[in-house]
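Index from 1, following the sequence.
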Amino acid sequence: MDGTLFSTQELIVHCVNETARKYLYRSLPREDSLWSFGPPARNIIRQFARSIPDSPASEAVDYYDSLYRNNFREMATGFQGIPELLQGLNDSKKSLAIVTSETSTLSKYALEAFSLHDYFDTLVTSDHVSKKKPDPEGVYLALKNMQLGPEDCMLVGDSTTDIAAGKRAGLLTGAALWGSETWGDPRMASPDHSFSDVQERSTFFLIQSNLYRR
């Protein structure tokens, strides 16, 4: 979802740093080891909250969530061509699923903000699984919900953990290179295909939309 359908990198970095300033009295530079505990970003918040007396983890996560909501529409950006791609996939009767490390509440909020929620048959979030990507648990659950086998599907993601989860579940995989590389370049996980932009992804599925006609 994040980094594939829309970009929240600037938003996440802002909200994590604002939360860190409030509770750690400092920001987190990108090279700080605490970033390795994400995604999702709330794992970073929980991790640094452990070093604070009385560990206000729940309070800090709530503060992060409120910042995320309050700044989302201003700082999150949609990728050009995504609505047309999703509409084309729907029109061609393809099933669509999201497997994300985000919570259900923030996932639904983000999808509704970009008017993308109606395109998907199932949404699997961190609230539905016990193991996060690269474990394939979430992918398996999405397949079960759609009543499809791994041989019928492709997983497209912008991180190494996305690609690894897809491979472990037996899916064809595609790297979304138009997304951010907050959590690592997906090509490092050797995807089956790489897509430099949304148009290339659309062409792969032979979707012709008005966006690309000249």
Side-chain angles (χ1 to χ4, degrees), residues 1-79 97-114 116-117 120 123-139 141-142 155 157-165 176 179-186 188-189:
M1 186 179 70
D2 295 331
T4 303
L5 299 179
F6 42 77
S7 175
T8 56
Q9 179 175 1
E10 181 183 358
L11 171 68
I12 289 172
V13 171
H14 171 77
C15 294
V16 167
N17 276 318
E18 287 300 303
T19 306
R21 290 187 187 100
K22 179 177 175 65
Y23 291 95
L24 292 181
Y25 306 106
R26 67 178 179 89
S27 60
L28 297 181
R30 191 64 186 88
E31 62 272 14
D32 195 298
S33 61
L34 282 168
W35 283 103
S36 66
F37 290 95
R42 60 187 41 77
N43 287 347
I44 302 170
I45 308 301
R46 292 190 184 99
Q47 184 64 27
F48 73 60
R50 293 178 182 176
S51 65
I52 304 172
D54 299 325
S55 186
S58 179
E59 177 187 320
V61 168
D62 287 345
Y63 182 74
Y64 170 87
D65 285 355
S66 67
L67 288 171
Y68 187 97
R69 287 172 177 273
N70 292 339
N71 291 277
F72 187 89
R73 294 182 182 276
E74 179 181 349
M75 301 186 72
T77 57
F79 292 120
I98 289 176
V99 179
T100 177
S101 299
E102 192 53 88
T103 64
S104 294
T105 299
L106 291 188
S107 294
K108 291 176 181 178
Y109 177 84
L111 290 170
E112 289 174 1
F114 280 109
L116 301 178
H117 53 291
F120 295 92
L123 171 64
V124 176
T125 73
S126 61
D127 299 323
H128 302 129
V129 297
S130 58
K131 299 176 183 177
K132 68 176 185 177
K133 295 177 288 187
D135 190 278
E137 181 185 1
V139 181
L141 181 55
L155 183 145
D158 70 304
S159 71
T160 55
T161 56
D162 291 333
I163 303 303
S180 67
E181 296 182 0
T182 304
W183 312 112
D185 187 336
M188 299 301 293

Can any side-chain N or O of [X] pair as donor or acceptor with the backbone N or O of [Y] at less than 3.5 Å?
X    : Y    : value
T4   : M1   : no
Y64  : C15  : no
N17  : L28  : yes
W35  : I44  : no
K133 : I163 : no
S36  : S33  : yes
D135 : K131 : no

[atom1]/[X] to [atom2]/[Y] distance, rounded to the nearest 0.5 angstrom?
X    : Y    : atom1 : atom2 : value
Q47  : N43  : CD    : CG    : 9.0 Å
I98  : L5   : CD1   : CG    : 5.0 Å
M75  : S7   : CE    : OG    : 10.0 Å
T105 : Y109 : OG1   : OH    : 12.5 Å
S107 : E102 : OG    : CD    : 5.0 Å
Q9   : D2   : CD    : CG    : 10.5 Å

In chain order, what residues pass the side-chain hydrogen bond (donor to acceptor under 3.5 Å, both in side chains) check against S130, with sequence neighbours excluded?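 S130 satisfies side-chain hydrogen bond (donor to acceptor under 3.5 Å, both in side chains) with E137 only.
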Problem set entry | Set of side-chain hydrogen bond (donor to acceptor under 3.5 Å, both in side chains) partners for D127, sequence neighbours left out |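 D127 satisfies side-chain hydrogen bond (donor to acceptor under 3.5 Å, both in side chains) with S104 once adjacent residues are dropped.
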Does the pair L111 and F6 meet the rule for a side chain to side chain contact (heavy atoms under 4.5 Å, CB included), with working shown?
CA-CA 9 Å; L111 290 170; F6 42 77; 4.3 Å; yes
- Query: Considering only heavy atoms from C-beta outward, does the side chain of H14 approach that of E18 to under 4.5 Å?
  - Reply: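 Heavy-atom side-chain distance check passes, below 4.5 Å.
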Can you see which heavy atom on [X] is nearest to which on [Y], and at what distance?
X    : Y    : answer
G138 : V129 : CA-CG1, 3.7 Å
A20  : S27  : CB-CA, 4.5 Å
L106 : D65  : CD1-OD1, 3.5 Å
A164 : P134 : CB-CB, 3.6 Å
A165 : P136 : O-CB, 3.7 Å
L123 : H128 : O-CE1, 3.4 Å

| said: For F79 and F114, I'd like to know if the aromatic rings sit close, meaning centre-to-centre distance below 6.0 Å. | reply: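 They do not qualify: ring centres at least 6.0 Å apart.
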Q) Is the ring centre of Y23 less than 6.0 Å from the ring centre of F48? A)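 Here the rings of F48 and Y23 have centres that are no less than 6.0 Å from each other.
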* Is the closest side-chain donor-acceptor distance between S159 and T161 under 3.5 Å? ->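 Note: S159 and T161 side chains meet the donor-acceptor criterion.
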Item to check | Under-4.0 Å salt bridge between D62 and R42 | outcome: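 Answer for the salt bridge query: no.
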- Dump the intermediate steps for side chain to side chain contact (heavy atoms under 4.5 Å, CB included) on L24 and S51, then the final yes or no. CA-CA 9 Å; L24 292 181; S51 65; 4.0 Å; yes
- Item | Residue pair Y68, T19: steps toward the side chain to side chain contact (heavy atoms under 4.5 Å, CB included) verdict | CA-CA 11 Å; Y68 187 97; T19 306; over 6 Å; no
Item to complete: Please test D162 against L155 for side chain to side chain contact (heavy atoms under 4.5 Å, CB included), starting from the C-alpha separation and ending with a verdict.
Response: CA-CA 8 Å; D162 291 333; L155 183 145; 4.1 Å; yes
